[in-house]
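These notes concern the structure reproduced below.
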Amino acid sequence: MNANASVVVIGGGVMGTSIAYHLARAGVADVVLVERDELASGSTSKAAGGVRAQFSDELNIQLGARSLEAFGRFEEETGHDIGLHRVGYLFLLSTPEEVAGFEASVRLQNSLGVPSRMMDPAEAQRLSPLITTDGLLAAAFSPDDGHCTPESVVHGYASAARRYGARILRHNDVTGIELRGDRITAVTTTIGRIATDTVICAAGPWSRAVGAMVGVDLPVVPLRRQIAVTEPVDGLPPHLPMTIDFSTSLYFHAEGPGLLLGMSDPDERPGFATDTHDRWIPRLAEAMEHRAPTLLDLRRTGGWAGLYEVTPDHNALIGEATSVSRFLYATGFSGHGFLQGPAVGEVVRDLYLGRVPFVDVSPLSAGRFAADAPRPEANRV
């Protein structure tokens, strides 16, 4: 192993591989990515694959929209087909408060170039005929959103990063970060020591432990989320949007001839467990009975559990530490990390190079919590 690197990226999911790709493509020499398992083996491979710009936070809208552009040209740039389906995101709204919140979000999104719009329940049902409109007041839709295959994105970025000279070390666990005063001098791993003065943490739910190696508090908590996959659905519309019942968080989109579906579980407690269980099924069935009763007739054929990386305000941590030199981080995305991976890779590249990023991410600094300046995201699943 070459024991020197200009920068070590920790984490081989979408965030880490995107950062490595953007750094290497920009001409940064000796970029090394360290992954303790296989690429995309953590949260990325367990993601639902949704990509969108429909957020309530201006920064998230900009990061989402920029990433949608990148996903659209991904195959041309990397040679990898990511199975991108631009079928839109459809948020179903059942209370006056939800409607008012999304009306404000749509106005903000439109001001930033996102073609989202409000619609009535009847139009929502035409787009997503599996739903019932009982109790539905309105919906929000953007045709540019959709879903794609997370593992393909990771492997596309990894392959392209290698072509530009980056090195990717799999099955290599980071055991420590060496400091001399407030300066990073090396990363220690299970297969050796890598001398470097810069570390970028993209370790997802495991980021808090990485930050602790240099005395930086990254308030990220792991939380299990589950997904189910169904048998084929007769007459499934070819352009079925990602459909989300906002009140219950029930969501579904086409997955081959069947459906991928899931929802949040308020009884889930923080931890690193990723085994599946059926304790969430009664609540899932209740939500389906309320909003999409035909789903109750479908047989589950598979599913999995993965980890959200949750912060106190359910928004990302992106920035560079002030207490130690050249420790950067991109983590804590609280469920919308996969879809922001391309744009965040650009941003972190620019922070590393001392450039001004296309969007000011300073409000997403980890220091915002100590400064009592949280940045809450409302449009989350």
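When reading the values below, keep in mind they use all heavy atoms of this one structure, side chains included, and skip hydrogens, waters and symmetry mates.
When ring centroids are compared, Tyr157 and Phe74 come within the 6.0 Å threshold. A centroid separation of less than 6.0 Å is found between the aromatic rings of Phe338 and Phe71.
The CD1 atom of Ile244 lies 10.5 Å from the OG atom of Ser128; values are rounded to the nearest 0.5 Å. Put simply, OH on Tyr89 and CG on Asp144 are 13.5 Å apart, with the number rounded to the nearest 0.5 Å. With rounding to the nearest 0.5 Å, the separation of CD1 in Ile227 from NZ in Lys46 is 10.0 Å. Once rounded to the nearest 0.5 Å, the distance linking OG of Ser142 with CD of Gln109 reads 7.0 Å. For the atom pair CD (Gln125) and OG1 (Thr133), the distance works out to 5.0 Å, reported to the nearest 0.5 Å. The CD atom of Glu103 sits 9.0 Å away from the CG atom of Leu93 when rounded to the nearest 0.5 Å.
No hydrogens or angles considered: nothing links the side chains of Gln226 and Thr276 as a donor-acceptor pair under 3.5 Å. No hydrogens or angles considered: a donor-acceptor pair under 3.5 Å links the side chains of Thr311 and Asp313. A donor-acceptor pair shorter than 3.5 Å can be found between the side chains of Ser56 and Glu377. At a cut-off of 3.5 Å, with distance as the only test, a side-chain donor of Thr189 or Asn172 sits close to an acceptor on the other residue.
At least one side-chain heavy atom of Cys148 sits less than 4.5 Å from a side-chain heavy atom of Val51. The closest side-chain heavy-atom distance from Asp30 to Arg167 is below 4.5 Å. Side-chain contact check for Glu286 versus His290: every heavy-atom pair is 4.5 Å or farther apart. Looking only at side-chain heavy atoms (C-beta outward), Val324 and Ile177 stay at 4.5 Å or farther from each other. Counting only heavy atoms from C-beta outward, the side chains of Arg107 and Asn110 never approach each other to under 4.5 Å. A heavy-atom distance below 4.5 Å is not found between the side chains of Arg380 and Tyr308. The shortest distance between side-chain heavy atoms of Glu123 and Arg117 falls below 4.5 Å. For the pair Asp265 and His277, the minimum side-chain heavy-atom distance is below 4.5 Å.
Here the closest heavy-atom approach between residue Val220 and residue Gly204 is recorded as CG1-O, 3.8 Å. Heavy atoms only, all atoms of each residue included: Arg208 and Asp217 are closest at NH2-OD1, 3.2 Å.
Looking at Leu33, Val7, Val348 one by one, the single match for side chain to side chain contact (heavy atoms under 4.5 Å, CB included) with Leu23 turns out to be Val7. Of the candidates Asp57, Asn60, Asn315, Asp57 is the only one forming a side-chain hydrogen bond (donor to acceptor under 3.5 Å, both in side chains) with Arg375.
Val31 and Leu351 fall within a single hydrophobic cluster, where Ile, Leu, Val, Met, Phe, Trp and Tyr are joined by side-chain heavy atoms under 4.5 Å apart, directly or via other members. Criterion: ILVMFWY side-chain heavy atoms under 4.5 Å apart, direct or through other members. Under it, Val359 and Phe55 are part of a common hydrophobic cluster. Criterion: ILVMFWY side-chain heavy atoms under 4.5 Å apart, direct or through other members. Under it, Leu328 and Leu218 are not part of a common hydrophobic cluster. Residues Phe369 and Val210 share a hydrophobic cluster, clusters being chains of Ile/Leu/Val/Met/Phe/Trp/Tyr side chains in contact below 4.5 Å. One hydrophobic cluster holds both Leu112 and Leu364 under the rule that ILVMFWY side chains link at heavy-atom gaps under 4.5 Å.
Phe252 belongs to a hydrophobic cluster whose other members, connected by ILVMFWY side-chain contacts under 4.5 Å either directly or through intermediates, are Leu90, Leu92, Met119, Leu127, Leu130, Ile131, Leu136, Phe141, Val233, Leu236, Leu240, Leu250, Leu259, Leu261, Met263, Trp280, Ile281, Leu284, Met288, Leu295, Leu296, Leu298.
Of the possible polar contacts, one joining the Arg224 side chain to the Asp275 backbone as a donor-acceptor pair under 3.5 Å is found.
Crowding of Arg183 atom CZ: a count of heavy atoms from other residues, nucleotides or ligands under 6.0 Å not exceeding 12. Residue Glu38 qualifies as enclosed at atom CD: its count of foreign heavy atoms under 6.0 Å is above 12. Heavy atoms of other residues, nucleotides or ligands lying less than 6.0 angstrom from CZ of Arg180 number 12 at most.
A perpendicular orientation is assigned to the rings of His336 and Phe333, their planes being inclined by more than 60° (bins at 30° and 60°).
Salt-bridge formation is not detected for the pair Arg52/Asp145: no Lys NZ or Arg NE/NH1/NH2 atom is positioned less than 4.0 Å from an Asp or Glu carboxylate oxygen.
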